[in-house]
Amino acid sequence: VGGEYDLFGMWNRWAKAAAEWELDGDWLHARVLELAERAPDAFRDAALEPSIANLGRRGPGRLVTAVAKRAARCVRQLT
């Protein structure tokens with residue numbers, strides 16, 4: 001993002017990315033924050049779909065947990 005790989009740096013790279021992509025910086029920040037906040041529920045809902053849940057595998061639950069942890073970290077960085 002913004003020419004850097006490390007998403008969790010010490011500064012906000014979204015402003016630079018918004019400029020490069022010719023987007024409003026406030027809009028981009030709000031959109032990225034919204035996606036980070038909504039991701040855990042979206043992954044949880046997908047994992048609960050019968051076609052996935054009926055497989056009886058641990059993978060979907062582990063993925064849901066991992067996404068929730070990463071999304072929480074993103075939200076903390078963005079607020």
Side-chain angles (χ1 to χ4, degrees):
V1 174
E4 302 290 334
Y5 178 77
D6 181 19
L7 182 61
F8 299 105
M10 297 298 289
W11 59 92
N12 180 356
R13 293 188 179 102
W14 291 107
K16 181 179 177 186
E20 289 176 4
W21 299 333
E22 299 179 4
L23 297 171
D24 177 75
D26 291 335
W27 175 87
L28 181 60
H29 181 268
R31 182 67 176 141
V32 170
L33 179 58
E34 178 187 9
L35 291 172
E37 291 171 336
R38 293 176 63 185
D41 290 340
F43 274 79
R44 184 204 63 228
D45 292 349
L48 292 173
E49 283 292 316
S51 62
I52 302 299
N54 292 340
L55 294 173
R57 308 288 181 153
R58 293 184 310 160
R62 291 171 45 202
L63 179 61
V64 168
T65 299
V67 168
K69 287 179 181 178
R70 180 58 60 99
R73 184 176 176 194
C74 289
V75 168
R76 283 192 306 274
Q77 287 288 114
L78 291 166
T79 55

How far apart are the C-alpha atoms of L28 and V32, what are their side-chain angles, what is the distance that settles it, and do they pass the side chain to side chain contact (heavy atoms under 4.5 Å, CB included) test? CA-CA 6 Å; L28 181 60; V32 170; 4.0 Å; yes
From CZ (R13) to CD (Q77), nearest 0.5 Å: 9.5 Å
Listed partners of R76 passing side-chain contact (heavy atoms from CB on, under 4.5 Å), at least two apart: A72, R73
N/O donor-acceptor pair under 3.5 Å between H29 side chain and A15 backbone: no
Pairing of D41 and R44 as salt bridge, 4.0 angstrom limit: yes
Roughly how far, to the nearest 0.5 Å, is CZ of R57 from CD1 of I52? 11.0 Å
When hydrophobic residues are tied together by side-chain contacts of less than 4.5 Å, even through go-betweens, does L23 share a cluster with L33? yes
What's the shortest heavy-atom distance between P40 and A71, and which atoms? CG-CB, 3.7 Å
How many angstroms lie between atom CH2 of W14 and atom CH2 of W27, to the nearest 0.5 angstrom? 10.5 Å
